[in-house]
Amino acid sequence: MGKVGLGLAVGCAVATCAIAAVMVARRVRSRRRWGRVVGVLKEFEEACSTSVGRLRQVVDAMAVEMHAGLASEGGSKLKMLLTFVDNLPNGSEEGSYYALDLGGTNFRVLRVQLGGRRSAILGHDMERQPIPQHLMTGTSEELFDFIVSSLKQFVEAKGNDSDLSPGKRRELGFTFSFPVKQTSISSGILIKWTKGFAIADLVGRDFSECLQQAMSKRGLDMRVAALINDTVGTLALGHYHDEDTVAAVIIGTGTNACYWERTDAIIKCQGLLTNSGGMVINMEWGNFWSSHLPKTSYDSDLDKDSPNPNDQGFEKMISGMYLGDIVRRVILRMSQESDIFGPVSSKLSVPFILSTPLVAAMHEDDTPDLSEVARIMKDVLEITDVSLKALKLVVKVCDIVTRRAARLAAAGIVGILKKIGRDGSGGITSGRIKGGSHCKMRRTVVAIEGSLYTSYSMFREYLNEALTEILGEEIFRHVILKVTEDGSGMGAALVAASHSARNIQ
Ligand code: BGC
């Protein structure tokens, strides 16, 4: 080989080495970035851990806080509100009742006809519409205009008052799904808004009175016979169909639970007497907090950026309003740490752009190439050409967030069972009995509603799995979670009926 040939060969070898070095360096960098993304995910997963041991600590904390909230006003972050619902519908209710349901994503108007025999709901009409976004933060005038005009139109279209005796007014059960300090079965003061509602002049006012005035002003002759929380409506419908129903849980846009409590356990209201010896307590568990809850930096950021910081901590980890936004925050961080999603999309910084139904759709995508995940990444977050490997990480984020939420909700439910002595232990003071399989357990039904449980099967599976883990198979066999469709609205009509002078006489 001549000098020129040798020179060329050496040059080629050097160039090849240089290219190889660049490629190796690129690969090393990319592997490092991938490693960082996986690190972000691992760290998140660990911070969200809900081992059964930790869930049991949450159970205990829930039961302890329930006691504290019943012992004194302001004794706990759990408000444990009186509802004045001291008897639950049992099937003897009769007549025609209207109901309004305000508080989730949808607004519902109903008319329910009750036949006076068990399970004899003779029929019901219902109209449902999404609540226009602007009304949630508008004026009280606009909100009441919307409510009363919808109700009026409904009465005009569906009203058939042949079952009203002359001189009697139409009666309305009003489900208002926010924290309310009740002053009677049909009146109460709005403590605060949740779930993105913010109409300042209504806080501290009697919502039922405001509605009554709005109806009179618009010429609608109807009496608010009951003002209830959606959990109470769900419990009422659950109990109507199954008398072993002792508690109700909602896991939808927001989350909450209520249950039947003995009046002597409601220490903060000494001397409270009811014919039944009990009353439904609206826990407002969305505001529950305990140091045992697995809180991450993403939760802290979400809370800090929310209109109600330091408030509704449990709800922010569990309910549909927030899960999508936790997922968005984690994907944003992963994108900032690497280029696995290309350049950081500005859409990733838009709060609430990723809704929980989208998280469910990604989580449950069973196509081999995760085409639904890719579609949502593209259409919603404007992130295109994501590798299958990276799409799988997105699914994993959805899984971690959903699993934590469902398992915490399960712990909350067992907390209630523990408080009322239905968890197979001897109640809050005695803990679990060894050989618990021998203890007598009564059939215990918990009514449940809300889109996370009813429409998101992975969520439902995780919740049920955690219940079995915490309670053990044997006890879990006695605990039945029953979906009560439209319970929050139908239940309002039932409570109006069971507390109406017409039925009490
Ligand atoms: C409200 C509760 C309600 C729950 C479910 C929460 O944000 O504070 O009153 O029951 O959402 O709708």
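Each ligand, and each atom within it, is numbered from 1 in the order the structure gives. Because only heavy atoms are used, hydrogens play no part in the values below, and waters and symmetry mates are left out as well, while side chains stay in. If you're wondering where the values come from, they're calculated on a predicted model, not measured in any experiment.
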Considering only heavy atoms, which of [options] lies nearest to [atom]?
atom	options	value
atom 4 (C) of ligand 1	D101, N256, T194	N256
atom 8 (O) of ligand 1	E284, K192, K195, K79	E284
atom 1 (C) of ligand 1	S488, G103, S177	S177

(message) I want to know whether Y298 and Y322 have ring centres closer than 6.0 Å.
(response) no

(message) Using ring centroids (six-membered ring only for Trp), state whether F146 and F107 fall under 6.0 Å.
(response) yes

(request) Number the atoms of ligand 1 from 1 as they appear, then name those within less than 4.0 Å of a heavy atom of G254, with their elements. (result) 5 (C), 11 (O)

(request) Using a strict cut-off of 4.0 Å, indicate which atoms of ligand 1 neighbour a heavy atom of F178. (result) 9 (O)

(request) Would you check if the side chain of K152 reaches a backbone N or O of R218 as a donor-acceptor pair within less than 3.5 Å? (result) yes

(request) Could you tell me whether the side chain of E243 and the main chain of Y240 form a donor-acceptor pair under 3.5 Å? (result) no

(message) Checking a contact table here: which protein heavy atom is nearest atom 5 (C) of ligand 1, and how many Å away?
(response) D230 OD2, 3.3 Å

(request) Name the closest protein heavy atom to atom 6 (C) of ligand 1, giving the residue it belongs to and the distance to 0.1 Å. (result) E315 OE1, 3.1 Å

(request) Consider ligand 1: state whether an atom of it lies below 4.0 angstrom from any non-hydrogen atom of G286. (result) no

(message) Y453 vs L481, test: side-chain contact (heavy atoms from CB on, under 4.5 Å). Steps then yes/no.
(response) CA-CA 10 Å; Y453 191 82; L481 293 197; 3.6 Å; yes

(message) Between R407 and E465, is there a side-chain heavy-atom distance shorter than 4.5 Å?
(response) yes

(message) One residue to check: N282. Relative to ligand 1, which of side chain, backbone, both or neither has a non-hydrogen atom less than 4.0 Å away?
(response) neither

(request) Please check if atom CD in E156 has more than 12 non-hydrogen atoms from other residues, nucleotides or ligands closer than 6.0 Å. (result) yes

